[in-house]
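Since the structure comes first, as structure tokens, the remarks are kept for the end.
Chain letters run A, B, ... following the sequence lines, proteins first, then strands; residues in each count from 1.
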2 protein chains.
Amino acid sequence: MPPTSRAERRRDIERRVVEVGRRHLASDGAAGLSLRAVTRELGMVSSAVYRYVAGRDELLTLLLVDAYGELADAVDEAVAAAADRPWDERVVVAGAAFRAWAVADPASYALLYGSPVPGYEAPAERTVEPGTRVTLTLLRLLAEGVEAGEVTPAGPAPVGDTRLLADLERLVAETGLPGGADVMGRALLLWATLVGGTSLEVFGQYGRDTLTAPGALLEHQLRLALAVLRAP
Amino acid sequence: MPPTSRAERRRDIERRVVEVGRRHLASDGAAGLSLRAVTRELGMVSSAVYRYVAGRDELLTLLLVDAYGELADAVDEAVAAAADRPWDERVVVAGAAFRAWAVADPASYALLYGSPVPGYEAPAERTVEPGTRVTLTLLRLLAEGVEAGEVTPAGPAPVGDTRLLADLERLVAETGLPGGADVMGRALLLWATLVGGTSLEVFGQYGRDTLTAPGALLEHQLRLALAVLRAP
DNA sequence: CTTTGTCAAGAGCAGTGCTCTCGTTCATGG
DNA sequence: CCATGAACGAGAGCACTGCTCTTGACAAAG
């Protein structure tokens, strides 16, 4: 009996493919991720990797799911570590963790919230659930704010469009957010602010040397968006 | 004397390279843009295109500058067409035009505000100026609001971090925005909301069928951000 | 008219994703 | 316990990419 069974070896190699792939993704970006290069580093010939991964797209999907999970873990961990602080400060903590993860691994962040890789469609059944974990965490924090009476039922700008109202009400029903469509509209402001501010920084749109404290800027933007949730 | 001189032919081909490149970019995305495919469509052999374009990166730069210009033109045009409306509604008009351009040409939008193409660094001297046109337009509208006394000097969340305060004050000095660092901080909320909301929609992060009126959502988000600029 | 420089074409290099075949090795069912 | 079938790694090969270099034809300028 060999020390490592066939099934064990297979699992081990599958794990290493993803691990090397993640390192290459971090250094070369999604478009530069080469299946051949990953295979070379594993000491195999180029065709052998197809025994473990259906193709480049599947490796990208694995890395995508991985990244969603890591990001959500980082956010949830930060929120849990601040459990004694009020809901709105925990939203800022969550956003700061979101940004910190993105800054630490820009290529993975780009895979999640940047331009979709052309010709590659993430399979919904494997990516939707891990992709919504962060938003669920944020919504849970907002729910605390609603139940504490600190989130106003109506914000400073009414939801005018009737179709938008229907969209928001459907989202409220789907997510179980306590509070109406107006609260959901302001929650989406928070979400857009978080993703927008992070993307602007990580993708270099603020300019090279214009900001010395980008983290503080994002927190400020989040506090402003939170003020809208507390304002009449 | 031939009907078309050598210089004329050259300019014509240079123009057509960019034109075909833009079409390929729109259909295949930045990563799928193939210089060989463009050259084929022009009826030339693959190596001939290097007489007109230094390489793939330069074609991407040309398309990038082009896209920045088109986007800024679309925004400026929409703002000019609403010259009779108040400054804050013109901000919404500008944002809606921004989004409409992005939805109409997602690949170009991704080139501007999505993940940076790995290994490709946009040459600053050719991209910074066209890239800041949209932000300058928005800042001009905000300046109107400040001078009309409708933008409050201090918003609902103070700028706490001192380094952030210095960053914002430098930006105020560089852009000549009437109003202090606090106004600039809220202006960056607006900018992050616009880019974030547009990216979330264009990059498919809202989910496939969750929104029937995405344009209305972005306008709502912008109105909420504008409320922060008018709020104490 | 001659020289100079531009041009398109072609061959070629190194790299990519992916497919197929071919012996070998392992696991398991008779 | 051993034979059969599945899994495996290696290699060759196809079509594609960006890019370089050389070659011969042509136009523009002296």
Side-chain angles (χ1 to χ4, degrees), chain A residues 1-18 20-21 23-25 27-64 107 111 117-123, chain B residues 1-18 20-21 23-25 27-64 107 111 117-123:
Chain A
M1 191 199 303
T4 57
S5 83
R6 205 155 191 162
E8 280 170 351
R9 276 178 56 88
R10 179 172 187 94
R11 268 202 304 272
D12 188 59
I13 295 187
E14 278 174 349
R15 201 178 39 76
R16 277 171 45 192
V17 167
V18 174
V20 173
R23 212 169 50 245
H24 283 211
L25 172 68
S27 60
D28 301 331
L33 179 68
S34 159
L35 217 50
R36 285 180 112 112
V38 170
T39 313
R40 262 196 305 273
E41 189 166 327
L42 293 177
M44 292 192 296
V45 84
S46 71
S47 61
V49 78
Y50 292 93
R51 300 250 174 230
Y52 303 95
V53 152
R56 213 185 85 105
D57 280 8
E58 172 160 335
L59 180 55
L60 277 177
T61 301
L62 292 173
L63 295 172
L64 189 83
L111 196 59
V117 180
Y120 165 70
E121 186 96 10
Chain B
M1 193 198 300
T4 58
S5 84
R6 207 155 189 164
E8 279 171 351
R9 276 178 56 90
R10 182 175 183 92
R11 267 202 304 272
D12 188 57
I13 294 185
E14 278 174 349
R15 201 177 39 76
R16 278 171 44 193
V17 168
V18 174
V20 173
R23 214 170 47 247
H24 283 211
L25 171 68
S27 60
D28 301 330
L33 179 67
S34 159
L35 218 49
R36 285 179 112 112
V38 170
T39 313
R40 262 197 304 274
E41 189 166 326
L42 293 177
M44 291 193 296
V45 82
S46 72
S47 61
V49 79
Y50 291 92
R51 298 252 169 225
Y52 303 96
V53 153
R56 213 186 86 104
D57 281 8
E58 173 160 334
L59 180 55
L60 276 178
T61 301
L62 292 173
L63 294 172
L64 189 83
L111 196 59
V117 180
Y120 165 69
E121 184 96 8

Which part of the nucleic acid does [X] contact within heavy-atom distance under 4.0 Å: base, sugar-phosphate only, or nothing?
{"X": "A/Ser34", "value": "sugar-phosphate"}
{"X": "A/Ile13", "value": "sugar-phosphate"}
{"X": "B/Leu33", "value": "sugar-phosphate"}

Integer-rounded Å distance: [N] [atom2] and [X] [atom1]:
{"X": "A/Tyr52", "N": "D/dG9", "atom1": "OH", "atom2": "C1'", "result": "8 Å"}
{"X": "B/Glu14", "N": "C/dA8", "atom1": "CD", "atom2": "C1'", "result": "16 Å"}
{"X": "A/His24", "N": "C/dT16", "atom1": "NE2", "atom2": "P", "result": "11 Å"}
{"X": "A/Glu8", "N": "D/dC8", "atom1": "CD", "atom2": "P", "result": "14 Å"}
{"X": "A/Met44", "N": "D/dA10", "atom1": "CE", "atom2": "P", "result": "8 Å"}
{"X": "B/Arg11", "N": "C/dC7", "atom1": "CZ", "atom2": "C1'", "result": "17 Å"}
{"X": "B/Arg16", "N": "C/dA8", "atom1": "CZ", "atom2": "P", "result": "10 Å"}

Among [options], which is the nearest nucleotide to the side chain of [X]?
{"X": "B/Leu35", "options": "C/dT16, D/dC19, D/dT17", "result": "D/dC19"}
{"X": "B/Arg9", "options": "C/dC18, C/dA8, D/dG9", "result": "C/dA8"}
{"X": "A/Ser47", "options": "C/dA27, D/dA10, C/dA11", "result": "D/dA10"}

Taking all non-hydrogen atoms of both residues into account, name the closest pair between [X] and [Y] and its distance.
{"X": "B/Val53", "Y": "B/Leu59", "value": "CG1-N, 4.0 Å"}
{"X": "B/Leu33", "Y": "B/Arg56", "value": "O-NH1, 2.6 Å"}
{"X": "B/Gly29", "Y": "B/Ala107", "value": "CA-CB, 4.1 Å"}
{"X": "A/Arg51", "Y": "A/Arg10", "value": "O-NH2, 2.7 Å"}

Heteroatom pairs (N/O) under 3.5 angstrom, protein to nucleotides 3-7 of chain D:
{"from": "D/dA7", "atom 1": "N3", "to": "A/Arg6", "atom 2": "NH2", "distance (Å)": "3.0"}

Results of side chain to side chain contact (heavy atoms under 4.5 Å, CB included) for A/Arg16 - residues two or more places apart only: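 In terms of side chain to side chain contact (heavy atoms under 4.5 Å, CB included), with neighbours along the sequence ignored, A/Arg16 is linked to A/Asp12, A/Glu19, A/Leu42.
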Listed partners of B/Val49 passing side chain to side chain contact (heavy atoms under 4.5 Å, CB included), at least two apart: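 With neighbours one apart ignored, the set is B/Val17, B/Leu35, B/Thr39.
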Side-chain N or O of B/Arg40 closer than 4.0 Å to phosphate OP1/OP2 of C/dA9: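 Indeed not, no polar side-chain atom of B/Arg40 lies that close.
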B/Tyr50 side-chain N/O to D/dC21 phosphate OP1/OP2 under 4.0 Å: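 Result: no.
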Along DNA chain C (nearest heavy atom to each residue), the more 5'-positioned of B/Gly43 and A/Arg56: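 The 5'-side residue here is B/Gly43.
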Residue whose nearest DNA chain C nucleotide is more 5′ - A/Arg36 or B/Val49: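 Nearest nucleotide further toward 5': that of B/Val49.
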Stepwise side chain to side chain contact (heavy atoms under 4.5 Å, CB included) check, B/Arg15 with B/Arg11: CA-CA 6 Å; B/Arg15 201 177 39 76; B/Arg11 267 202 304 272; over 6 Å; no
